[in-house]
Protein chains: 2
Amino acid sequence: MLTVALELFAEHGYDGTSVGQIAARAGVTEMTFFRHFPTKASLLVGDPYDPLIGAAVRRESADLDPISRAARGIRSAWQQLPPPASIEVRMRLRIVAQTPALRAAMTGGTAATEAVIVEALIDGGTGQREAAIAASAVMAALNTALLEWSLADDEELGQAINAALDVLVDRHG
Amino acid sequence: MLTVALELFAEHGYDGTSVGQIAARAGVTEMTFFRHFPTKASLLVGDPYDPLIGAAVRRESADLDPISRAARGIRSAWQQLPPPASIEVRMRLRIVAQTPALRAAMTGGTAATEAVIVEALIDGGTGQREAAIAASAVMAALNTALLEWSLADDEELGQAINAALDVLVDRHG
DNA sequence: AGCAGAATGTTACCCACTAACATTTTCACC
DNA sequence: GGTGAAAATGTTAGTGGGTAACATTCTGCT
């Protein structure tokens with residue numbers, strides 16, 4: 001179904017493709033589509049790594065300021081991951097980058113990861129407010145970096161992520 | 001219509017209130033509602049200050065790193081604003097804070113402000129990528145701060161904003 | 001072959017939102 | 001004070017995303 005959907009999105013764009021069309025080309029009912037995917041947007045935006053990131057943030061020293069701690073945690077979580085199939089990921093993110101509704105859905109879709117980071121920071125002694133602010137800022141930077149990366153050719157994803165976090169952490173003014 | 005909507009949201013929640021109900025209680029047709037408000041969410045999330053913020057960011061020294069520049073711009077823009085009717089604003093934001101769909105819509109709703117900040121940063125010599133990342137991080141922090149503020153009692157809004165930006169700028173680790 | 005449970009289909013519905021066209025209200029000008 | 005144009009509102013009808021309840025077909029296992 002995902003493959004079929006990506007084809008149609010490439011042909012007619014995200015908004016120009018209805019769930020009915022996807023289901024039809026997949027030889028299936030609209031109802032069946034919604035049994036496999038909770039929403040149309042979930043074809044493109046997901047939140048796969050939250051527990052890993054939570055643990056990684058917790059592992060960083062509680063002496064760091066919350067931004068640094070969250071950023072370091074994400075960097076280290078990233079290194080533990082198997083490198084994803086970049087081309088697939090890039091295709092998906094490109095569609096997200098070009099569709100305003102999906103950009104918004106993306107930040108909604110990382111709410112779970114954000115919550116996990118907030119919890120980890122709080123457990124490390126950071127106040128609730130600071131934790132929420134730091135987590136949302138770091139996740140926003142990360143999401144923006146992913147979208148920007150998707151629009152470029154021939155760049156390493158890990159590198160783009162590091163560069164994004166550096167904008168927050170290693171500020172050279 | 002706004003007043004009526006807020007009543008209904010208070011009674012049945014945002015998701016539990018349909019546009020039809022709002023229109024009916026306002027003595028008006030659903031169609032008329034959509035002529036006044038582009039979307040249901042626009043009753044609660046808006047983006048009123050983008051040009052002001054863009055100008056303020058541009059006014060800050062281009063020698064600063066992008067995060068500092070954006071943050072200082074927002075602080076200064078804030079001081080120029082007439083203090084809003086805090087109670088109203090708080091009520092609205094509380095509903096947003098409690099409704100996941102609206103939280104996502106809020107970040108979508110500040111896309112214009114974000115774009116304006118990005119442009120200002122680029123004009124100051126920051127690269128496209130860095131500018132996009134810094135702007136999204138700062139706006140995310142700001143939005144989070146607004147939502148957290150709305151859930152507290154008796155706090156100055158300006159103070160909450162300053163504290164949020166300090167998490168990004170004056171990091172004490 | 002026969003059965004249980006999973007996957008799929010059918011129908012019917014709700015809600016946000018849009019388009020096209022008709023109707024009423026408002027208000028400035030004669 | 002009437003008139004006519006413009007603005008606001010109403011009507012009808014439709015699209016697309018998403019859900020609920022119930023019926024049907026497949027699947028795999030014994």
Distance check needed: [N] [atom2] versus [X] [atom1], whole Å only.
X	N	atom1	atom2	value
A:His36	C:dT8	NE2	P	4 Å
A:Phe34	C:dC13	CZ	C1'	14 Å
B:Phe33	C:dC15	CZ	C1'	12 Å
B:Leu102	C:dA16	CG	P	12 Å
A:Met31	D:dG17	CE	P	14 Å
A:Gln21	D:dG17	CD	C1'	13 Å
A:Arg35	D:dA21	CZ	C1'	11 Å
A:Phe37	D:dT19	CZ	C1'	18 Å

Margin query: Nearest 0.5 Å, please: how far is CD in A:Glu156 from CH2 in A:Trp149?
Written below: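 The CD atom of A:Glu156 is 9.5 Å from CH2 of A:Trp149, to the nearest 0.5 Å.
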Sugar-phosphate, base or nothing in reach of [X], heavy atoms under 4.0 Å:
X	answer
B:Thr32	sugar-phosphate
A:Ser18	sugar-phosphate
B:Thr17	sugar-phosphate

Are [X] and [Y] close enough for a salt bridge, meaning some N to O gap below 4.0 Å?
X	Y	value
A:Glu60	A:Arg72	yes
A:Glu130	B:Arg171	no
A:Arg90	A:Glu155	no

Subject >> A:Lys40 side chain, from C-beta outward: closest of D:dG17, C:dA16, C:dT8 >> reply: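 Out of D:dG17, C:dA16, C:dT8, the nucleotide with an atom closest to A:Lys40's side chain is D:dG17.
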_Starting the side chain at C-beta, find the nucleotide from D:dT9, D:dG18, C:dT10 nearest to A:Glu30._
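Looking only at side-chain atoms, A:Glu30 lies closest to D:dG18.
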